[in-house]
2 protein chains.
Amino acid sequence: MQPSQRYGLIMAGGRGTRFWPRSRQTRAKQVLPLAGERSLIQQTVDRLRPLLPPERLFIVTNHHLRDQIVTQLPEVPPAQIIAEPAPRNTAPCIGLAAHLLQQIAPGASLGVFPADHWIEQPDAFLPIVDAAFSAAERGELVVLGIQPRWPETGYGYVEFHAGIEPGALSTRPVVQFREKPDLATAQTYLASGRFFWNSGMFFWTAQTILAALRQHLPQTLTLLASLPPLHDPGFPAALELAFPKCENISIDYAVLEKAANVTGIATSDFGWNDLGSWNAVYEIASKDDRGNAAKGDVLLLNASGNYVEGAGKLIALAGVDGLVVVDTPDALLVTTRERAQEVGRLVKALEEARRFDLL
Amino acid sequence: MQPSQRYGLIMAGGRGTRFWPRSRQTRAKQVLPLAGERSLIQQTVDRLRPLLPPERLFIVTNHHLRDQIVTQLPEVPPAQIIAEPAPRNTAPCIGLAAHLLQQIAPGASLGVFPADHWIEQPDAFLPIVDAAFSAAERGELVVLGIQPRWPETGYGYVEFHAGIEPGALSTRPVVQFREKPDLATAQTYLASGRFFWNSGMFFWTAQTILAALRQHLPQTLTLLASLPPLHDPGFPAALELAFPKCENISIDYAVLEKAANVTGIATSDFGWNDLGSWNAVYEIASKDDRGNAAKGDVLLLNASGNYVEGAGKLIALAGVDGLVVVDTPDALLVTTRERAQEVGRLVKALEEARRFDLL
């Protein structure tokens with residue numbers, strides 16, 4: 001199979017409430033320039049370009065974000081930027097892209113990439129993607145596992161058999177997938193050398209994943225298989241009708257934990273970060289000699305280890321450590337780096353208080 | 001001497017940099033409503049009204065604030081609201097008021113009150129003021145000492161002889177004045193029962209204090225004694241010329257530490273607070289059941305013991321304790337209650353950075 005038959009699916013449907021107040025329903029994490037000048041989804045497209053030109057990308061997002069993504073990515077054909085009528089987790093999203101791909105390029109392979117991750121070393125990343133596509137083209141369902149750097153409790157894990165050499169570009173069988181562990185479990189995972197972070201990046205041919213969905217998620221597959229081709233005038237209405245009836249389930253749970261031909265690449269670290277909270281953005285930001293990462297007009301006095309983002313006005317921090325301070329024109333967040341994971345709960349509280357202007 | 005011969009001087013010249021970013025050169029602490037609906041200087045005038053009607057008040061402030069004070073206090077004759085041409089600490093300010101008073105009401109008594117203090121129980125305060133005026137009318141230089149509630153290192157102290165009954169309304173000789181002590185010294189002061197906080201409130205007749213200034217600060221007194229009466233058309237120009245030549249010195253240091261006829265009233269606590277920092281404002285504010293004091297549109301999640309002041313937009317605090325967060329249209333402060341004393345250093349840093357728009 002030729003490299004020209006490789007396509008990408010960028011999953012851009014999330015909301016990213018942990019980046020409130022910067023992120024809102026109409027300005028989700030993936031369309032924000034959280035690290036660098038370009039938005040995370042723009043960086044995702046840029047990074048893949050040497051292997052996947054933009055005209056071979058599908059982007060699946062939601063109605064709140066589609067127009068912005070079309071604007072941010074003029075190089076991607078707008079018809080291939082699709083808004084899900086309802087959020088249904090990753091399995092229907094991937095099934096939809098595989099179905100559409102199979103109609104235009106039967107037998108092509110598909111790499112699946114979250115829109116909102118950070119990769120420090122794209123040069124180390126691309127050969128891995130290339131190797132994963134090659135394995136996919138041999139009929140494997142391939143997941144990228146990332147060598148863990150700490151006992152993270154916020155990620156899922158992929159277990160391999162013993163004897164791994166991280167960094168080898170060959171695939172190996174996956175023993176099992178594990179959901180987010182508690183800290184003690186995560187520590188045993190880290191010590192074992194056999195558990196790798198589940199990156200959420202997957203590779204398969206359209207044919208292989210459609211066959212797996214037909215076996216493990218037949219109802220959803222039937223709904224998706226009934227859709228007309230992307231450029232058919234009836235496509236949007238048919239999608240609107242069929243998609244909400246699909247099961248709300250992740251590809252991991254629906255297929256990968258069950259299928260026999262699941263393999264993974266146990267990569268060494270290429271600076272992957274899922275940017276799960278303001279603290280993750282702090283980790284990759286440049287810092288002053290007291291460990292403060294500050295954007296905007298910021299004055300620091302006896303302050304260390306803080307993440308500060310301004311919105312125009314001066315922000316002065318005095319005698320505080322480890323805080324996250326994010327100012328926007330209509331809302332200000334003050335929390336700690338340690339508690340930054342809990343920012344989503346503020347968004348829930350705002351929903352309960354019916355503060356729709358701030359969501 | 002009749003009570004009608006009692007006058008008040010409200011000293012309103014300070015800048016209050018520790019209340020940045022609310023306080024600025026043109027919006028100093030005393031003209032802000034830091035506690036309650038009315039500004040601190042308005043509350044000072046209100047509190048004294050049962051003893052001192054507004055037409056018998058002198059207010060000495062600076063050019064940045066005079067117009068605002070005239071607006072805030074329409075009941076005080078504008079001519080009696082005087083802007084110092086230059087800051088010269090308390091001795092010249094008091095000498096000026098005594099000189100002007102002596103010209104319009106020879107032999108009258110003068111109570112001196114900082115414009116920016118908080119008094120929780122004005123009903124307990126007024127009888128003390130009345131007693132202090134009576135002692136002043138007998139020729140004493142009277143200071144109000146406040147029974148200390150903790151070993152404060154930010155106040156000066158007044159030492160009395162042993163055997164004090166706090167709350168007695170009679171004056172007693174002052175042994176000596178003490179500058180701000182270190183913590184160990186402040187603790188011995190508190191334990192001794194003989195040391196009281198120097199409130200900065202003083203009572204004397206114009207004649208007594210002018211005589212003391214003539215003895216202890218003759219050059220300054222000569223400059224002030226040369227000034228024409230307040231309503232003389234030449235007064236402003238003469239003041240502009242003479243005042244900057246006065247010595248820059250406090251009344252405590254210039255007179256009270258040296259004069260023989262200094263007495264004090266050792267008061268029991270009447271809820272006096274010099275509002276020296278945002279933490280002091282926190283202390284007197286009403287709080288929720290987790291000890292947060294919040295003004296404005298504030299959302300708190302797992303937060304306790306914080307002081308928050310909004311300027312319109314929502315402020316969300318999550319998982320933080322003991323912070324001070326003060327938002328204004330052009331500057332935002334984040335510090336801790338414990339470090340709130342150091343906010344003045346931020347203002348210095350802004351001066352050094354020539355951020356005049358924010359001073």
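Side chains are part of it too, since the values below use all heavy atoms of this structure and drop only hydrogens, waters and symmetry mates. Predicted model, so just to flag it, every value in this text is computed and none were measured.
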Most contacts with chain B, counted as non-hydrogen pairs under 4.5 angstrom, among A:Val308, A:Val325, A:Asp330: A:Asp330
Which one of A:Asn302, A:Val324, A:Val343 has the most heavy-atom pairs closer than 4.5 Å to chain B? A:Asn302
At a 4.5 Å cut-off on heavy atoms, which part of A:Asp297 comes close to chain B: side chain, backbone, both, or neither? side chain
Within a radius of less than 6.0 Å around CD of B:Glu351, do more than 12 heavy atoms belonging to other residues, nucleotides or ligands occur? yes
Between B:Leu346 and A:Leu317, which heavy-atom pair has the shortest distance, and what is it? CD2-O, 4.5 Å
Chain B contact via A:Arg345 - side chain, backbone, both or neither, heavy atoms under 4.5 Å: both
Pick one of side chain, backbone, both or neither for A:Pro329, based on which atoms fall under 4.5 Å of a heavy atom in chain B. backbone
For chain B, which residues of residues 332-339 of chain A have at least one non-hydrogen atom nearer than 4.5 Å to it? A:Leu332, A:Leu333, A:Val334, A:Thr335, A:Thr336, A:Arg339
Portion of A:Leu300 that has a non-hydrogen atom of chain B nearer than 4.5 angstrom: neither
Under 4.5 Å from a heavy atom of chain B, the part of A:Ile315 involved: both
Within a radius of less than 6.0 Å around NZ of A:Lys348, do more than 12 heavy atoms belonging to other residues, nucleotides or ligands occur? no
Could you check whether atom CD of B:Gln187 has more than 12 heavy atoms from other residues, nucleotides or ligands sitting under 6.0 Å from it? yes
Interatomic spacing from OG1 in B:Thr328 to NZ in A:Lys313 - rounded to 0.5 Å: 5.5 Å
List the steps, then state whether side-chain contact (heavy atoms from CB on, under 4.5 Å) holds for B:Glu342 with A:Leu301. CA-CA 9 Å; B:Glu342 298 169 25; A:Leu301 194 73; 5.6 Å; no
